[in-house]
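Data block below; observations after.
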Amino acid sequence: VQLQASGGGLVQAGGSLRLSCAASGRTFNHYHMGWLRQAPGKEREFVAGIRWYDASSIYADSVQGRFIISRDSTKNTIYLQMNSLKPEDTADYYCAARFASSMRASLSRDKYLYGKWGQGTLVTVSS
């Protein structure tokens, strides 16, 4: 699986930004796709995940209600719509993939389950 993220940039607090991740290399019905982020001096953390099979999603508490993860199966692309951005959302955002044994496997917030990573895209939120 190859993952190519894009869409990062500089935005003011309260603004919105949409990240994209183009996936290639295989079919994805057994995959969970996700976004993780890493702020300077901090550990990488889970942000949002989506089950490719039925587009079920899961979010970190810190972004619940502000971020929306989605996927377009015709384009093999996942998105992260980020609204009401805060300075603490500033980080490198990574697209990631997790192979699941079953298409219906439960989603997880465990960042270590996402074994395949793309390069990061930087999001900077100014106050």
Side-chain angles (χ1 to χ4, degrees):
V1 176
Q2 290 78 47
L3 304 168
Q4 181 75 33
S6 61
L10 174 64
V11 62
Q12 288 189 331
S16 298
L17 206 59
R18 189 177 81 158
L19 306 182
S20 300
C21 175
S24 61
R26 56 176 63 243
T27 58
F28 298 104
N29 278 337
H30 280 265
Y31 277 82
H32 298 177
M33 310 298 283
W35 289 95
L36 294 91
R37 67 186 181 186
Q38 186 167 20
K42 295 188 177 181
E43 290 190 0
R44 197 169 293 188
E45 64 176 359
F46 173 84
V47 176
I50 188 166
R51 190 163 62 188
W52 194 272
Y53 163 66
D54 61 0
S56 296
S57 58
I58 189 170
Y59 298 91
D61 290 343
S62 59
V63 306
Q64 181 78 48
R66 299 189 297 124
F67 291 11
I68 301 171
I69 188 171
S70 62
R71 63 107 171 91
D72 185 336
S73 58
T74 65
K75 298 180 180 179
N76 281 355
T77 300
I78 66 168
Y79 303 97
L80 186 67
Q81 177 66 42
M82 304 184 294
N83 302 318
S84 302
L85 281 161
K86 305 175 182 180
E88 51 263 44
D89 293 318
T90 295
D92 280 307
Y93 282 72
Y94 296 87
C95 177
R98 167 200 174 193
F99 179 80
S101 58
S102 166
M103 289 193 298
R104 296 177 176 83
S106 296
L107 287 159
S108 172
R109 295 183 178 89
D110 186 348
K111 62 183 178 181
Y112 296 108
L113 293 179
Y114 293 85
K116 183 65 178 181
W117 300 79
Q119 92 293 349
T121 185
L122 179 62
V123 173
T124 303
V125 184
S126 62
S127 56

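Just so you know, these numbers use all the heavy atoms, side chains as well, and skip hydrogens, waters and symmetry mates. Because the structure is predicted, anything quoted here is derived from the model rather than measured.
The backbone N or O of Arg104 lies less than 3.5 Å from a partner atom in the side chain of Arg51, making a donor-acceptor pair.
Ile50 and Val1 fall within the same hydrophobic cluster, defined by Ile, Leu, Val, Met, Phe, Trp and Tyr side-chain heavy atoms under 4.5 Å apart, directly or through other members. Residues Leu36 and Leu17 do not share a hydrophobic cluster, defined by chaining ILVMFWY side chains whose heavy atoms lie under 4.5 Å apart.
Rounding to the nearest 0.5 Å places OG of Ser101 at 8.5 Å from NE2 of His30. Rounded to the nearest 0.5 Å, atoms CE (Met33) and CG (Asn76) are 8.5 Å apart. The distance from atom CG of Leu85 to atom OG of Ser127, rounded to the nearest 0.5 Å, is 13.0 Å.
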Side chain to side chain contact (heavy atoms under 4.5 Å, CB included) for Thr90 and Val123? Distances and angles first, verdict last.
CA-CA 5 Å; Thr90 295; Val123 173; 5.9 Å; no

Please walk me through it: do Met82 and Tyr93 pass side chain to side chain contact (heavy atoms under 4.5 Å, CB included)?
CA-CA 11 Å; Met82 304 184 294; Tyr93 282 72; 3.9 Å; yes

Given side chain to side chain contact (heavy atoms under 4.5 Å, CB included), test Gln81 with Phe67 step by step and report yes or no.
CA-CA 5 Å; Gln81 177 66 42; Phe67 291 11; over 6 Å; no

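Through direct or indirect side-chain contacts shorter than 4.5 Å among Ile, Leu, Val, Met, Phe, Trp and Tyr, Tyr79 is connected to no other residue.
For Tyr31, the ring-ring contact (aromatic ring centres under 6.0 Å, His included) partners two or more places apart in sequence, or in a different chain, are Phe28, Phe99. Take Asp89 and apply the side chain to side chain donor-acceptor pair (under 3.5 Å) test, not counting sequence neighbours, and it matches Arg37, Arg66. Listed by chain and residue number, Leu10, Gln12 satisfy the side chain to side chain contact (heavy atoms under 4.5 Å, CB included) test with Ser126 (two or more places apart in sequence, or in another chain). Residues forming a side chain to side chain donor-acceptor pair (under 3.5 Å) with Thr74 (at least two apart in sequence, or on another chain): Asp72.
Counting all heavy atoms, side chain and backbone alike, Ser84 lies closest to Ser16 at N-OG, 4.4 Å. For the pair Arg109 and Phe46, the tightest heavy-atom approach, listed with the atom from each and the gap, is O-CB, 3.3 Å. The shortest non-hydrogen separation linking Trp52 to Thr77 is CH2-N, 3.9 Å.
Residue pairs that meet the side-chain hydrogen bond (donor to acceptor under 3.5 Å, both in side chains) test with at least one member in residues 111-123, sequence neighbours left out, are Glu43-Lys111.
The closest side-chain heavy-atom distance from Leu19 to Trp35 is below 4.5 Å. Residues Ile78 and Leu80 are not in side-chain contact: their nearest non-hydrogen atoms beyond the backbone lie 4.5 Å or more apart. Two residues are said to be in side-chain contact when any heavy atoms from C-beta on lie closer than 4.5 Å; His32 and Ser108 fail this criterion.
Paired with Tyr59 under the rule side chain to side chain contact (heavy atoms under 4.5 Å, CB included), one option of Leu107, Val47, Ile68 passes, and it is Ile68.
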